[in-house]
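Okay, so here's the structure we're looking at.
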Amino acid sequence: MAAPWSTMKFWKPGTEGPGLSLNEEREATAEVGGSIIYNPHASLSIEKQRQKLPVFKHRNYILYLLENYQTVVIVGETGCGKSTQIPQYLLEAGWAAEGKVVGVTQPRRVAAVSVAGRVAEERGALLGHEVGYTIRFDDCSDAHATRIKFLTDGMLVREMMADPLLKKYSVLMLDEAHERTLYTDIAIGLLKKIQKKRGDLRLIVASATLDAEQFRDFFNLNESGNPSKDTCGILTVEGRTFPVDVFYTMSPVPDYVKATVETVMKIHEAEGDGDVLAFLTGQEEVERVVSMLVEQSRALSRSGMKKHLRALPMYAGLPYSEQMKVFERVPHTVRKVVVATNIAETSITINGVVFVIDCGFVKLRAYNPKTAIESLVVAPVSQASASQRAGRGGRNRAGKCYRLYTEEDFEKLPPSTVPEMQRTNLAPVILQLKALGIDNVLRFSFLSPPPAQSMVQALELLLALGGLDEHGRLTEPLGMRMAEFPLIPMFAKMLLESGSFGCSEEIVTIAAMMQIQNVFVSPPSQKKPAARKHRKFAVAEGDHLTMLNVYEAFVKNRRSSQWCQEHFLNYKGLQRAAAVREQLWRLLSKFRVPKKSSEGDPEVILRCIVSGFFANAARLHHSGAYRTLRDDHELHIHPTSVLYAEKPPKWVVYNEVMQTSRYFLRDVSAIESSWLVELAPHFYRRGTHSSGSKRTKVV
DNA sequence: GAGCACTGC
């Protein structure tokens, strides 16, 4: 291939990188979870290090702004130190006096834990006392002693259920707010409401440049037009990163998979030391590029090239031990090439990356509010994402980023990604808001309001499940209880019904297992033996009972990691399922749902599943495909379902529909059509297709 | 017959 590159642009340090900070360097999974080492003699040097961070110069101004404004938006560029330092400035200035707490939210668990660890270390404190964290399944904080508390944004929303005004907090800092995760957005809307009742509550919104004004306008309660009465101010803190040269292709690339391989080989031949990180959209592309690179590097070795290539895949579905390989150091004679999905954009940081290749696309979840069907679509990345990807190459030294698209096309990309709130099924959000006392969700102050049709779909589903009444009010006790579960409402309903079906023990396991992705692992090199082992767990009733089998076998085999490996099962996933199961059990006991086993009878279990998932039913069409009962949509059983290899049952319920190349049903079980009429008479009635009312569907 | 970005409670 002729040299497709031309240098188009020089990326000035800190002008383009969205607000990531010091903590990111500590986010790599390999570095997380260790004990905190405290060296009492290091306090002076820690103090000096703290003063060297770019944010230190702004210390007094930040404190001044917080005295004068209810909300402060801080544009903190990568490496400025905001996440670790600002909470300490607040503590030192007395914001955590009189039993008050400074709270800092993070979108991800690892980040909450690692930043908390770093801050505790800087203060010479034991994690869990003065400095602590709270994430699901792991509360390392002290109700009395903790002054700075790191938590996931989802956890903050949960805390509001117990303490609607968040009275114990004097200041809340929402870190990485520009990521606009679902829970950050929920928290933002709720905090604005809380601020109207609690004038003393201060907010710090840490965001990227692009969104700063949107946040300020949202939180500015001043309607007088007089700027001196503004309640929100903005401050920008420069970052500390290395420059990244950005290159574009001269003309559009017809095949970015091939172009990725060619670019890697070009870098390998022409450039000095430094690892490569390539972004692609999915598992299949990643594996294809890895195998092509392996082939190419063999040819290179044969031709006598001294420097070797080591291509490694990285995506969430990869077994844990395989994921860890990307963090391993390689000898100087080897160049590491990590081929990753979007997981490497924010969730993990790989040290030593100098060269980044960006295919320009991303796989995103989308939601169709008309059909209530979610899909995974490959879409062009946003400019913000592209900058974030490029920035992954400038963390240790100056880097280079190769974009597999033209500069002209870059200019046409959307500035930022559509917030999750606008591309998701809102039923869990609406239920949560109702439980927090937001009666009129249509008038809730959303930073980015979701489509009205999505709200309507959510309200209809919650009504059908009995969580809301005809007036849209939360029902007692059902709706309130459903909201307490960390699950989508259908699962919550199924669990709450499981006592009366006499199968709560099985249902709680099934609900927990369904929260885990990739229970079955299939390494590309061992697909056949893996499939053989997996088939042993499969039952004709479908995926729910198959997952029950897997979990019960896991417990029977003393939760052994060795056993999981032999059976190609995701050990970490099963451990997580056990933790989820325990949490769900606690909630069921709280609501006095009796502990009962179906004693091997599959029918009650399936009926109980129908009591939660009746709206997700489909029947087999003579074409061989399924059709939804809701709106006659054509669907296919996903190849990962055990029913894919079985004789297709006439009627099924499913957990979700995912649109990729076709509409696929995921997590499917066989049912009897009569159960639908019996268990959801308000939703279904027996009849003919010609007649029909609006609400009830004809079975 | 043929396929699942990523978090989080």
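Below, chain A is the first sequence line, B the second, and so on; all start at residue 1.
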Where each residue is assigned the nucleotide of DNA chain B containing its nearest heavy atom, which of A:Pro486 and A:Thr281 is assigned the position nearer the 5′ end?
A:Thr281

Nucleotide B:dA2, atom P - distance to CD of A:Glu287 in whole Å:
21 Å

Grab the CE-P distance between A:Met482 and B:dC9 for me, whole Å please.
20 Å

Indicate, with a heavy-atom threshold strictly under 4.0 Å, whether A:Tyr644 touches base, sugar-phosphate, or nothing.
base

Return whichever of A:Tyr315 or A:Gly154 has its heavy-atom-nearest nucleotide of DNA chain B closer to the 5' end.
A:Tyr315

On the nucleotide B:dG3, are OP1 or OP2 found under 4.0 Å from the side-chain N or O atoms that A:Ser661 carries?
yes

Nearest-angstrom distance from the residue atom CG of A:Leu376 to P of B:dG3
13 Å

Determine, step by step, whether A:Gln583 and A:Arg136 satisfy the side chain to side chain donor-acceptor pair (under 3.5 Å) criterion, reporting the C-alpha distance in whole Å, the side-chain angles of both residues, the deciding distance to 0.1 Å, and the verdict.
CA-CA 9 Å; A:Gln583 187 188 28; A:Arg136 186 180 178 189; 2.8 Å; yes

Tell me which pairs pass ring-ring contact (aromatic ring centres under 6.0 Å, His included) where either residue lies in residues 508-533 of chain A, with sequence neighbours left out.
A:Phe520-A:His534

Side chain A:Asn655, main chain A:Val668, donor-acceptor under 3.5 Å:
no

Ignoring the backbone of A:Arg365, work out which of B:dG3, B:dC6, B:dC9 is nearest its side chain.
B:dC6

Starting from C1' on B:dC9, measure out to CG on A:Asn425 and report it in whole angstrom.
16 Å

Starting at NE2 of A:His621 and ending at P of B:dG1, how long is that distance when rounded to a whole Å?
20 Å

When rounded to whole Å, the CG to C1' distance for the pair A:Leu436 and B:dC9 reads 12 Å

Determine: side-chain N/O of A:Arg666 to OP1/OP2 of B:dG3, distance under 4.0 Å, yes or no.
no

Looking at every strand, decide which applies to A:Met155 at a 4.0 Å heavy-atom threshold: base, sugar-phosphate, or nothing.
sugar-phosphate

Which of the following nucleotides, B:dC9, B:dA5, B:dG3, is nearest to the side chain of A:Lys363?
B:dA5

By the 4.0 Å heavy-atom rule, please label A:Gln583 as base, sugar-phosphate, or nothing.
nothing

Taking only N and O in the side chain of A:Thr341, is any of them less than 4.0 Å away from OP1 or OP2 of B:dC6?
yes

Contacts of A:Arg109 that satisfy salt bridge (charged side-chain N to carboxylate O under 4.0 Å, His left out) - sequence neighbours left out:
none

Okay, side chain of A:Thr146, backbone of A:Lys149: is any donor-acceptor separation there less than 3.5 Å?
no

Whole-Å distance between B:dT7 C1' and A:Met421 CE?
14 Å

Between B:dT7, B:dA5, B:dC9, spot the one nearest the side chain of A:Arg158, thanks.
B:dC9

Contact class for A:Ile343 vs. all strands (heavy atom < 4.0 Å): base, sugar-phosphate, or nothing?
sugar-phosphate

Round to the nearest Å and state the distance from A:Glu345 atom CD to B:dA5 atom P.
15 Å

Just compare B:dA5, B:dG3, B:dC6 and give me whichever is closest to any side-chain atom of A:Ser347.
B:dC6

Can you name the one residue among A:Glu285, A:Gln323, A:Glu287 that meets side chain to side chain donor-acceptor pair (under 3.5 Å) with A:Tyr315?
A:Glu287

Under-4.0 Å side-chain N/O to phosphate OP1/OP2 contact, A:Thr181 with B:dC6:
no

Picking from B:dA2, B:dC6, B:dG8, the nucleotide nearest the side-chain atoms of A:Arg109 would be B:dG8

